[in-house]
2 protein chains.
Amino acid sequence: MTPSRPTDNSTPKRTKATVHDVAKRAGVSIATVSRALNTPDAVRPELREEVLKAAKALGYTTNSVGKALRRRRSQVIGTLLPRLADPLFSLVASGVQDALVEHDYVGFLEISGFDNRNLYTHAHKLIQKGAEGLIVFGRIDDDDLLDLVTKQNIPTLTVYSYLAASEIPMIGIDNYAATRQLTELLLDLGHTRIAMISGPLAGNDRQQSRTQAFQDCLHERGLEPLIEHVDVEHERANGAAALQRLISRRSDLTALLCNRDVIAFSAIAECRRMGLSVPDDLSLTGFDDVEYASLLDPPLTSLSVPAIEMGRHAATTIIRHLESGDAMHSACYDTEVILRRSTARPRPARRG
Amino acid sequence: MTPSRPTDNSTPKRTKATVHDVAKRAGVSIATVSRALNTPDAVRPELREEVLKAAKALGYTTNSVGKALRRRRSQVIGTLLPRLADPLFSLVASGVQDALVEHDYVGFLEISGFDNRNLYTHAHKLIQKGAEGLIVFGRIDDDDLLDLVTKQNIPTLTVYSYLAASEIPMIGIDNYAATRQLTELLLDLGHTRIAMISGPLAGNDRQQSRTQAFQDCLHERGLEPLIEHVDVEHERANGAAALQRLISRRSDLTALLCNRDVIAFSAIAECRRMGLSVPDDLSLTGFDDVEYASLLDPPLTSLSVPAIEMGRHAATTIIRHLESGDAMHSACYDTEVILRRSTARPRPARRG
DNA sequence: TGGCGACTTGAAAACGTTTACTTCTTCGAG
DNA sequence: CTCGAAGAAGTAAACGTTTTCAAGTCGCCA
């Protein structure tokens, strides 16, 4: 088999075999070909064999575009993620992919960025390109997008966040409760001067819930919550800066909640740079329990979320809905605080 | 606007507006509608306005499936990655996505796993589903797949690896040369007892090139290369085990090349666990200079590869080929050794 | 004034499927 | 022996576009 050169006309632009070609070769009608392939029982065995043989001989493989047009089903579902190069989001995407291949679907992946002003644009594009269903990371707060999917009746699911009242089903976790757990962990250890580094709140229900939980927790105990924000597009650089701002606002800080593991990664590195010992000088927690959280020095106390599982769940739910009309239900997954060595009791006060 | 309930028949299964609806409303033929939308200059301005108005009123958006069928162009290209939840691969995917949205394409993403026996299956699926072009991570060594893309004339590109002789264009780096650089860096520092932790070689041109380079380098200096392999599916767990195996085979090791940053991550953690100081007891290098390599303690000496850029380059190349028929050329990107604190001169020998 | 070209538009034929209908056997029951 | 039902195959009509081709209008020049 000699590989064909760029301009190889020996194979005369060999256009792919269609159902007609197979039909002709097998001496049957195209309808029979289609039936032999899709509903084999509906065609006499001998004829079926004939068709299958012809199909194989011609290397026929059904053209999904034609099929999709006629069936009005593409077996494509689209996923919308804020970012791909991220240890959390890519995990969700993995879960989605897992489920998709299992059901012989294929996935459009689209990166929306954190600015959900263009969420609508991306979603629209995916639908227009033929996605039958949509999986969106985080709560959808864009009315236009909500309109789009309900009007056009596009099965849509969000993943990662769970909020009780939602027009569209959410497969996720309770960010509020989870953050309360983390905060209370620190409080129970005896910390009173606690801060949080959060991502931007605008259009981000996760960060909203988490800062809210943090504030509520501290207020309940009569403590003053301290929050700094990082620009999520440059979490690393800004995590360090945020930590510095916090320290300068309150130098006697003993504990810090980072609203994403990746923020904690840079915070822990910055602590090292500043000569702050974790957890002796500063207890640190992350969120998501991303793969490398346990490899840090010290290993990071974090909150584990079943990211892959949620992605998988979302995808199968949507597929089941598409295939069997099953209703899509929200689901709230349990989370778990993973206690590692980045948290400890506060160092006993030196003086008063 | 009240959100429609699951069984809301008030909107009578409102099927999307088609070109026919727009035509009727504007009082023109469907051909004119199509023209007004695609080649505006070909239709009288007043009429064009009329059509556009009708389209907007009906919320018409062209059905890409019908379009794709007729045009035999889907504006979809597929990417095949070994894994998604990985700081390197996800970077490549990001680059691809960047370029895709820029050109109003959309991407199928498919995870093939490291076992390239099913590479063919996945690629076939993508093509069948309508992908016009394929981007594959790493060299394609599967003859069936090669056959598939050449016979069906599917523009295909590989990304990350560059090898001079290749049937299909490769956008990548020279793994052999890069590893030589890293190895020589260690040699120049004075190390003589150097080992490598590599991924499995089977079907993985990157690891093959790297182990080869390592062996060549050491042999040239009359040194004995020591190599252990990790199962790539469980890099973390196995990175630690591999390190232990190496130490037990040769306890006086002073330097270790890890063939992927993620391997180095677990190796560095394992060193900590074993009480080995990096770089005093053991110099360590990674490969890929993934985002968090610089946040480790100590920060990891690694080899930076332009992963996003390569992904972007691959996608634009393939799109340009599709749109303008431009030939696709291979490209070899420069890499750079990023010197950080995980490497140092070997500790002076204690005795002889 | 006749005719030729340039411009616009519409009718209809694809693109590759699936599927509702029709037609034709065949077979069993009455 | 006949009639109807069941089974199997074919015909043709979709699905929503784009695009070829033909036709019509208009203006301009000879």
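The sequence lines fix the lettering, A, B, ..., with proteins before strands; numbering per chain opens at 1. Just so we're clear, the structure is a prediction, and the values are computed from it rather than from any experiment.
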*Of all residues at least two apart in sequence or in a different chain, which pass the side chain to side chain contact (heavy atoms under 4.5 Å, CB included) check with A:L69?*
B:V65, B:L69

*State which residues pass side chain to side chain contact (heavy atoms under 4.5 Å, CB included) with A:A57; sequence neighbours excluded, sorted by chain then number.*
A:R25

*Could I get the full list of side chain to side chain contact (heavy atoms under 4.5 Å, CB included) partners for A:S330, not counting sequence neighbours?*
A:Y162, A:P169, A:M170

*asked:* Per the salt bridge (charged side-chain N to carboxylate O under 4.0 Å, His left out) rule, what does the pair list look like for residues 64-81 of chain B, sequence neighbours excluded?
replied: B:R73-B:E132, B:R73-B:E323

_Using a 4.0 Å heavy-atom cut-off to protein, can you give one letter per nucleotide of nucleotides 16-26 of chain D, 5' to 3': B if the base is in contact, S if only the sugar-phosphate is, - if neither?_
BBBBB------

*So A:F89 and A:F114, would you call those rings parallel, tilted or perpendicular, with 30° and 60° as cut-offs?*
tilted

*Report the residues that fulfil ring pair (Phe, Tyr, Trp, His ring centres under 6.0 Å) with B:Y60, sequence neighbours left out, ordered by chain and then residue number.*
none

*Partners passing salt bridge (Lys or Arg N to Asp or Glu O under 4.0 Å) against B:D98 (at least two apart in sequence or in another chain)*: B:R312

*What integer distance in Å separates A:R44:CZ from C:dT26:P?*
10 Å

_For A:N63, give me all partners under side-chain hydrogen bond (donor to acceptor under 3.5 Å, both in side chains), at least two apart in sequence or on another chain._
none

*Using the test salt bridge (Lys or Arg N to Asp or Glu O under 4.0 Å), find all partners of B:E49 that sit at least two apart in sequence or belong to another chain.*
none

*For residues 45-52 of chain A, which residues have at least one heavy atom under 4.0 Å from DNA chain D?*
A:L47

*asked:* Using five pairs at each end of the helix from C:dT1-D:dA30 to C:dG30-D:dC1 to define an axis, what is the angle between those two axes, to 10°?
replied: 60°

*In chain order, what residues pass the side chain to side chain contact (heavy atoms under 4.5 Å, CB included) check against A:P155, with sequence neighbours excluded?*
A:I318, A:H321, A:L322, A:M328

